[in-house]
Amino acid sequence: MLSEIIPITFKDDTSTQIEILAKSANSSQAILVLMPAMGMSSKYYKIFAEYLATHLDITTVITDLRGLGHSSVRASRQVDFGYQEIINDYTHLLQILQQKFPQAPIYLLGHSLGGQIACLLATHQALPVKGLILIACGSNYYKMWRGFNQIGSGGFMLFTRLLAQSMGYFPGKKVGFGGTEAKTLIQDWSYMGLYGKYKIKNSAQDYEKALAQTAVPILAMGIQNDGFAPAPAIDFLVKKFKQLPDNQHLTVTSAAHKLTHFNWLKYPELFG
């Protein structure tokens with residue numbers, strides 16, 4: 001298997017790197033960009049990415065969300081960013097891939113928060129996004145849960161929002177949810193959780209309107225018994241694409257493993 005690491009410097013002088021994995025030099029019929037969940041660095045996706053590259057012969061790209069892994073910045077009281085800054089990062093990354101592989105269609109595979117960002121990226125028609133694969137990814141809107149889970153979800157959204165606002169960042173490692181997250185990222189995330197729609201800070205884009213006008217194929221893959229992304233939450237997110245030309249909604253199950261929102265990465269064979 002071939003591996004190529006490319007350093008990237010963004011317009012605001014922050015930096016990161018991407019790793020391109022391929023079975024051979026000719027494995028560029030399609031490019032798949034893996035987009036991680038909140039608090040998870042790209043290293044957790046390496047085994048899954050290697051499997052896709054070697055067994056499915058798909059050129060696979062892994063990179064970190066801003067603030068994690070190889071990113072040059074870390075969220076703090078002094079360092080803040082949100083969805084729009086991450087969208088800007090991936091816009092730059094996709095333009096690099098388009099130049100490097102001009103003939104290859106580019107698909108985004110997003111896990112949880114990474115899938116939400118992938119959906120927002122797909123609304124930018126100038127970007128070369130040919131389709132989305134969402135795994136364990138749904139809206140975090142609290143009404144997608146039922147009973148006491150709905151009350152708990154709504155309360156947690158409000159708690160994360162207020163905590164990030166008061167501290168200037170979100171101490172996820174201490175709370176037991178996500179990592180050390182930027183204040184604006186948590187505000188963007190919790191706004192969706194509380195109101196069921198996107199209102200992205202530092203952006204002039206009306207993402208709800210843009211999603212409704214975007215036609216892009218989607219494969220949504222839920223994980224059996226996933227309490228973080230249940231089927232109603234997945235449907236709620238996908239249905240924001242009012243012009244959806246084609247989509248599939250599958251549920252990944254395993255008789256041998258008890259799957260969770262995160263550990264499915266250890267069993268790539270379940271995905272083909």
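Values in this document were obtained by computation on a predicted structure and should not be read as measured data.
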**Asked** Salt-bridged, R66 to D12, with N to O below 4.0 Å?
**Response**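 Salt bridge present between R66 and D12.
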
Transitively linked via ILVMFWY side-chain contacts under 4.5 Å: L2 with I31?
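No, it is not one cluster - the side chains of L2 and I31 are not joined through contacts under 4.5 Å.
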
Discussion item. Please tell me whether Y267 and L250 are part of a single hydrophobic cluster in this structure, the criterion being side-chain heavy atoms less than 4.5 Å apart.
Written reply: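 Linked within one cluster.
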
In terms of relative ring orientation, are [X] and [Y] parallel, tilted or perpendicular, with 30° and 60° separating the classes?
| X | Y | answer |
| --- | --- | --- |
| F170 | F177 | perpendicular |
| Y141 | F236 | tilted |
| W189 | F156 | perpendicular |

Please tell me if the side chains of L34 and L52 come closer than 4.5 Å, counting only heavy atoms from C-beta onward.
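In contact.
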
F262/Y44 under ring pair (Phe, Tyr, Trp, His ring centres under 6.0 Å): CA gap, chis, key distance, verdict: CA-CA 10 Å; F262 299 103; Y44 294 108; 9.2 Å; no

Any side-chain donor near an acceptor of the partner, S3 and E19, under 3.5 Å: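 Judged by distance alone, the side chains do pair up.
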
Assess the side chains of D80 and T184: does a donor N or O sit below 3.5 Å from an acceptor N or O?
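Judged by distance alone, the side chains do pair up.
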
* To do: Would you please indicate if the ring centroids of Y83 and Y207 are separated by under 6.0 Å?
  =>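 Between Y207 and Y83, which both carry aromatic rings, the centre distance is not below 6.0 Å.
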
Tell me whether D188 contacts the main-chain N or O of I200 through its side chain, where contact means a donor paired with an acceptor under 3.5 Å.
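Checked: no pair found.
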
